[in-house]
Protein chains: 2
Amino acid sequence: MTDTPIIPPHKSKGRPRTFDRDAALISALGVFWRRGYEPASISELCAAMEINPPSLYAAFGNKAQLFMEAVNHYETTYWDATWERMAEVPDVHEALRGFFHEAAQILTSQDAPCGCLVILAATNVSAEAEEVNASLKAFRDEGREWLTRRVRRGISEGQIAGDTDPAGLGLTLNTLLEGMSLAARDGATREELETIAASVQRLLPANA
Amino acid sequence: MTDTPIIPPHKSKGRPRTFDRDAALISALGVFWRRGYEPASISELCAAMEINPPSLYAAFGNKAQLFMEAVNHYETTYWDATWERMAEVPDVHEALRGFFHEAAQILTSQDAPCGCLVILAATNVSAEAEEVNASLKAFRDEGREWLTRRVRRGISEGQIAGDTDPAGLGLTLNTLLEGMSLAARDGATREELETIAASVQRLLPANA
DNA sequence: TTATATCTGTAGCGACCGATACAGAGTCAA
DNA sequence: TTGACTCTGTATCGGTCGCTACAGATATAA
C-alpha cells in the first residue's frame with residue numbers, strides 16, 4: 001500500500017543480493033500465517049527470513065507489500081488448483097464435495113498453522129491497516145463468486161433444483177467455508193473438518 | 001489477565017468516582033467491538049469512555065480485564081436470552097430455526113459494528129494476548145456445546161434421524177454460525193444473513 | 001480538625017512499533 | 001582503475017503502545 005506501486009527493482013548493476021528472495025517470502029508467509037498481519041512484527045519477520053530490516057525494505061517495499069506478496073503466493077500455492085478443479089468437475093455435487101474435502105486438507109495441512117490466511121490474517125486491524133483488509137476482502141469476495149457461479153451452472157445443467165437462488169446458496173457455502181477456518185484455528189482436527197465438509201451435500205437441493 | 005484476579009474495589013471511604021462505571025463499560029464494549037482487542041488502544045478507549053487512563057486502571061484493572069468484563073456484558077446483553085430460548089423451544093427444528101433467525105438479527109443490530117465480539121475480537125493477537133483469546137475460546141466452545149446438546153436432545157426425542165452424530169452436527173452448526181460473523185463483518189446485509197440462517201433446516205436430517 | 005483512603009488530571013515511564021540514515025562492501029560499465 | 005550503483009549490518013529515528021508516579025481534590029471516620 002502507500003507509496004511505491006512497483007514491486008521488485010534489482011537492476012543488473014550494484015552489489016548482488018545475498019539471500020534467496022523466494023525462500024525469504026515463504027518464511028514471511030509462515031509468520032503472517034501464524035500471527036496475522038499486524039501481530040507479525042518486522043523484527044519477527046526479519047528473524048524468520050534471516051535478513052535485516054534494510055534488506056527487507058529494499059526487496060519487498062514495506063510490510064503491507066510484503067504481506068500482499070505472501071498472500072498471492074499462498075493463494076497460488078495452496079488454493080488455485082483446488083478452485084480450478086471445482087470449476088472443471090462436471091457434476092456440481094461431485095465438484096463441491098471434492099472442493100470442501102480438499103479445503104479440509106488445506107486448512108489442516110502440516111506446514112499450515114491452521115486456517116486460511118485470507119480469512120484470518122486481518123480480521124482485527126487498526127485503522128491504518130484497513131487497506132490491507134480491503135485487499136483480502138477482494139480475495140474473499142472472489143471465492144464467494146466462484147462458488148456462486150458453480151452453483152448457477154449446476155442449476156442451469158439441471159443438477160440442482162431450478163428454484164434455487166444461486167447467490168444465496170453461494171453465500172451460504174462460502175460462509176461455511178470461512179467458518180471452517182475459524183474451526184481450524186480453534187483446533188478442529190482434520191476428521192472434524194471433514195465432517196463439516198460432508199454436510200455440504202445436504203445444503204444442495206437435489207433436482208427432484 | 002496477569003496479577004489481580006479481583007475485579008472492582010471501591011470501598012466507602014475516599015473520593016467518590018465521578019463517572020458512571022456501567023456506562024463507561026458499554027462505551028468500551030463499542031470500541032472493542034469495532035476494532036478488536038489489540039487494535040483498541042487505551043487512548044481510544046479512554047476517549048470513548050470519557051475518562052483518563054488512571055481512572056480506567058483504577059476501575060477495571062487493566063486492558064485485558066476491561067475487555068473480559070465487556071465480553072461478559074456483551075454475552076448477557078445480546079446472546080443469553082437467545083441461547084436460552086433455543087434450549088426451551090420443544091421442537092428442535094423450530095428451536096434452531098429461531099436461534100439462527102435471531103442470530104442474524106444480533107449480528108446486524110444497529111448498535112453493532114457487525115459480527116460477534118467473541119468470534120472476531122481476538123482472531124489475530126500477538127503472543128502476549130493469547131490468554132485473552134483462550135478465554136474467548138471457552139465461550140466459543142460453550143456455544144458449540146449448547147448446539148450439540150440441543151441436537152442430541154432432538155435425536156433422543158425422535159425429531160432428528162437416529163443415526164445422526166450429535167457432535168458432528170453441533171460442530172457444523174457452530175461453524176456456520178461463526179461464519180455468519182465473518183459474513184457480517186464483510187458487509188452482508190440482514191437479508192443475506194437470514195438466507196444463510198434459513199439453510200440450517202436443510203442441515204438437519206429429518207426423522208424418516 | 002485531623003488522618004486516612006480513593007479518585008482525578010497531568011505528565012511521562014520503558015518497551016516496542018514500522019521504517020531509515022549511514023558507512024562499508026561487493027559488482028557492474030567505462 | 002575509476003565511478004556509479006545496490007546490497008549489507010549497525011544503530012537509531014519519531015511515534016505509539018500499555019501503564020503508572022505524582023500531586024491535588026474530595027470523600028469518610030475518628
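Please read all numbers here as calculations on a predicted model, not as lab measurements. Hydrogens, waters and symmetry mates play no part in the numbers below; they use all other heavy atoms, side chains included.
Atoms CD1 (B/Ile51) and C1' (C/dT6) sit 15 Å apart, rounded to a whole Å. Taking atom CD of residue B/Gln65 and atom P of nucleotide D/dC19, one finds them 9 Å apart after rounding to whole Å. Going from atom CG of A/Asn52 over to atom C1' of C/dT20 covers 13 Å, rounded to whole Å. Rounding to whole angstrom units, CD of residue B/Glu44 and C1' of D/dG18 are separated by 14 Å. Following rounding to the nearest Å, A/Glu128 (CD) and D/dT16 (P) show an atom-to-atom distance of 9 Å. Rounding to whole angstrom units, CD of residue A/Glu50 and C1' of D/dT8 are separated by 15 Å. Computed from coordinates, the A/Arg17 CZ to D/dC5 P distance equals 18 Å when rounded to whole Å. For the pair A/Ile42 CD1 and D/dG15 P, the computed distance is 19 Å after rounding to whole Å.
The backbone N or O of B/Leu171 lies less than 3.5 Å from a partner atom in the side chain of B/Thr175, making a donor-acceptor pair. Judged purely by atom type and a 3.5 angstrom limit, A/Arg21 uses its side chain to pair as donor or acceptor with the backbone of A/Ala59. Using a distance-only test at 3.5 Å, with no hydrogens or angles considered, no donor-acceptor pair links the side chain of A/Glu194 to the main chain of A/Ala104.
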Show me the protein contacts with nucleotides 22-26 of chain D, counting only N or O atoms at under 3.5 Å.
| residue | atom | partner | partner atom | Å |
| --- | --- | --- | --- | --- |
| D/dG24 | N2 | B/Arg15 | NH1 | 3.0 |
| D/dA25 | N3 | B/Arg15 | NH1 | 3.3 |
| D/dT26 | O2 | B/Arg15 | N | 3.3 |

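A/Arg185 and B/Asn124 share no donor-acceptor pair across their side chains, judged by distance under 3.5 Å alone. At a cut-off of 3.5 Å, with distance as the only test, no side-chain donor of A/Ser27 or A/Glu50 sits close to an acceptor on the other residue.
The side chain of A/Ser41 contributes an N or O atom lying less than 4.0 Å from OP1 or OP2 of C/dC17. Look at A/Tyr57 and you'll find a side-chain N or O under 4.0 angstrom from OP1 or OP2 of C/dA19. A close approach under 4.0 Å does not occur between any side-chain nitrogen or oxygen of B/Thr18 and OP1 or OP2 of C/dC7. Phosphate contact (OP1/OP2 of C/dT6, side-chain N/O of B/Lys13, threshold under 4.0 Å): absent.
Here C/dC17 is the nucleotide among C/dT8, C/dC17, D/dG18 with the atom lying nearest to any side-chain atom of A/Ser43. Which of C/dG18, C/dT8, D/dG18 sits closest to the side chain of A/Lys63 comes down to C/dG18.
Between A/Pro53 and B/Glu38, the residue anchored nearer the 5' end of DNA chain D, judged by the nucleotide with its closest heavy atom, is A/Pro53.
At a threshold of 4.0 angstrom between heavy atoms, the contacts of A/Ala129 with the nucleic acid are absent.
In this pair, A/Phe32 and A/Phe67 present their aromatic rings perpendicular. The plane angle is above 60°, beyond the 30 to 60° band. Note on ring orientation: taking the six-membered ring where Trp is involved, the planes of B/Trp79 and B/Phe99 are tilted (angle from 30° to 60°).
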